[in-house]
Amino acid sequence: MENIFNKYLERTELNTFDLKVFEPSFVPSRMPHREKEMTLIADNFAKIFIGASPKNEIIYGKSGTGKTAVIKFLGRELKEISHGKKNVEFIYLNCQVKDNAYSVIESIGNAVKGEQIPFTGWSMDKVYTTARNNIDRWNGSIIVVLDEIDRFVIKNGDDLLYQIMLMNSELQNSSITIVGITNDLKFSEFLDPRVKSRLNEEKIVFTPYSSDDITDILNDRLKLANVSNFVTEGAVRLISTLASQENGDARKAIELMKTSIQLAISNNDNTVEERHVFIAKNKLEYDAVAETLKTLPLQTKVLVLSIALLKESGIAQASTGDVFDAYRNLASSAGIPILTPRRITDMLSDLDMLGIISAKVKSMGRYGRTKIIELSINSSETKKIILEDENLSKLKNYNYAKQAKLIF
DNA sequence: TGTCCACTGGAAGGGAGGGCTT
DNA sequence: AAGCCCTCCCTTCCAGTGGACA
């Protein structure tokens, strides 16, 4: 039998492809249509070299407008040019990963040489003091990038920003600059006036890319990946159009390009055409939802499942009460503890944020006030993915129709 | 016009699970 | 080993509320 890998090896042109330039972590050295923003930020950072400290900065812009890529690029350049000449640290933190004050201060304190701070266990006081002493002894300039800073502030308040600024004012030999990245234009409204005035930040807005901008970006990457001849113009145009319809998100466009190329390769097709793009788009959308569902905590899975069940039994728009009843039934059938309605309310808000459901508060007058909950994704696929969880094996043979009748 | 329903969402706190210090 | 401290997940308690209905 023919070796399954033969078809790949026979296609010698594939060996010259370099698809890693489509990875989200890839930072290009050329950023089309972001030259102006890049210069603004670079001018600010450059103050380090004349012994001044850069201003704090908040960068606004929708997702996929190049905020993170620009800042990472500048960070790389900054470290490279100051290497061996000046102590400069560039710390990039994503607040979804570093989502509490402890881990942010710990990361900053450990970025420079000094006493190692453990990732948990110490009191906040001790973490703060150790970090401050480390940084001051090190004698240099730190730029801390807090990506998705709005999420952090919503979750924990703005105390962290205050603490970092306080630390900066206590430093004798070093300085800390905060660069916040957010896609929420109203972000600074969340801040305490005390924090806001002290932050005294410079605002930079990244506007969404146009369809033509995205075409340029894609063509740039295609050249880098050495696949320009493999991708048709029509496919590039289609991806650009789709992306500009979705707030000019270049990240999504690049991901869609990668998936389209991979699809054409595995189909053994000679070029990437529009049809590949459409299939790739569906695949990406499905994968994203599936991944989110799979990583939900068990209780939340049961909650989503109960909403899917309601939808399948004809209740596409359910009240919180309906959902709670359905959830209670499912949870007891699954043999897991039943949580309180208050906890369910919070979980519903989280699911709303994730885009899995939409929940709108509605008053029914005499009949109270509730949230109208609607599943935003396909119910049968949702069911399938959630039931893959081994902890819910008892629900595999669950009689949905019977249960639905019981509830109503 | 006031009532009252079915919630919403804030506040406080408990306890488990992680880890450190002494 | 005992004593802290942190976060996460959850409960308990409760004041607040938009609007249909009497």
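Chain A is the first sequence line, chain B the second, and so forth, proteins listed ahead of strands; every chain is numbered from 1. None of the values given here were measured: they were computed from a predicted structure.
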Give me, pair by pair, the N or O atoms of the protein and of nucleotides 9-13 of chain C that are less than 3.5 Å apart, along with how far apart they are.
residue : atom : partner  : partner atom : Å
C/dC10  : OP2  : A/Arg343 : NE           : 3.0
C/dC10  : OP2  : A/Arg343 : NH2          : 3.2
C/dT11  : OP1  : A/Thr340 : N            : 3.3
C/dT11  : OP2  : A/Thr340 : N            : 3.0
C/dT11  : OP2  : A/Thr340 : OG1          : 2.7

Quiz item: Is it true that A/Asp269 and A/Arg275 have a side-chain N and a carboxylate O under 4.0 angstrom from each other?
Solution: yes
Quiz item: Is NZ or CZ of A/Arg221 both nearer than 6.0 Å to the six-membered ring centre of A/Phe26 and within 45° of the ring axis?
Solution: no
Exercise. Considering just the side-chain nitrogens and oxygens of A/Lys371, establish if one lies under 4.0 Å of OP1 or OP2 belonging to B/dG9.
Key: yes
Practice problem: Taking the side chain as every heavy atom from C-beta outward, state whether A/Tyr60 and A/Ile58 have any pair of such atoms under 4.5 Å apart. | Solution: yes
Exercise. Would you indicate, yes or no, if B/dA6 has its OP1 or OP2 atom less than 4.0 angstrom from a side-chain nitrogen or oxygen of A/Thr320?
Key: no
Practice problem: Rounded off to whole Å, could you give me the NZ-to-C1' distance for the A/Lys362 and C/dG19 pair? | Solution: 11 Å
Quiz item: Should the pair A/Glu23-A/Lys258 be classified as a salt bridge under the 4.0 Å nitrogen-to-oxygen rule?
Solution: yes
Quiz prompt | With A/Thr370 via side-chain contact (heavy atoms from CB on, under 4.5 Å) - residues at least two apart | solution = A/Ser319, A/Thr320, A/Met364, A/Ile372
Self-check item: Pairwise side-chain contact, A/Ile48 with A/Leu78, heavy-atom cut-off 4.5 Å (strictly under)
Solution: yes
Practice problem: Decide if atom NZ of A/Lys223 counts as having more than 12 heavy atoms of other residues, nucleotides or ligands within a radius under 6.0 Å. | Solution: no
Exercise. State whether A/Thr345 places a side-chain N or O below 4.0 Å from either non-bridging phosphate oxygen (OP1 or OP2) of B/dG9.
Key: no
Self-check item: Overall bend - the helix from B/dT1-C/dA22 to B/dT22-C/dA1, comparing terminal axes fitted on five pairs, nearest 10 degrees
Solution: 30°
Under 3.5 Å between N/O atoms: give me all the protein pairs with nucleotides 20-22 of chain C, atom names plus distance.
residue : atom : partner  : partner atom : Å
C/dA20  : O4'  : A/Arg366 : N            : 3.2

Practice problem: Indicate the ring-plane relationship of A/Phe17 and A/Phe230, choosing parallel, tilted or perpendicular according to the 30° and 60° boundaries. | Solution: tilted
Quiz item: Rounded to the nearest Å, what distance is computed from the OH atom of residue A/Tyr102 to the C1' atom of nucleotide C/dC5?
Solution: 8 Å
Quiz item: Counting heavy atoms not belonging to A/Ile81, are there more than 12 under 6.0 Å from its CD1?
Solution: no
Quiz item: For A/Leu160 and C/dC6, what is the distance between atoms CG and P respectively, to the nearest whole Å?
Solution: 15 Å
Exercise. Any chance you could list the contact pattern along nucleotides 14-22 of chain B? Use B for base contacts, S for sugar-phosphate-only contacts and - for none, protein heavy atoms under 4.0 Å, 5' to 3'.
Key: ----BBSS-
Practice problem: Report the C-alpha separation of A/Ser53 and A/Ser175 in whole Å, then their side-chain angles, then the decisive distance to 0.1 Å, and conclude whether the side chain to side chain donor-acceptor pair (under 3.5 Å) test is met. | Solution: CA-CA 7 Å; A/Ser53 37; A/Ser175 76; 4.7 Å; no
Self-check item: Partners meeting side-chain contact (heavy atoms from CB on, under 4.5 Å) with A/Lys55 (sequence neighbours left out)
Solution: A/Asn44, A/Lys47, A/Asn200, A/Glu202
Quiz item: With the threshold set at 4.0 Å, does a side-chain nitrogen-carboxylate oxygen contact exist between A/Glu374 and A/Lys311?
Solution: no
Practice problem: Starting from P on B/dT8, measure out to CG on A/Asp352 and report it in whole angstrom. | Solution: 12 Å
Quiz item: Quick check: does any side chain N or O of A/Tyr92 sit under 3.5 Å from a backbone N or O of A/Gly75, one acting as donor and the other as acceptor?
Solution: no
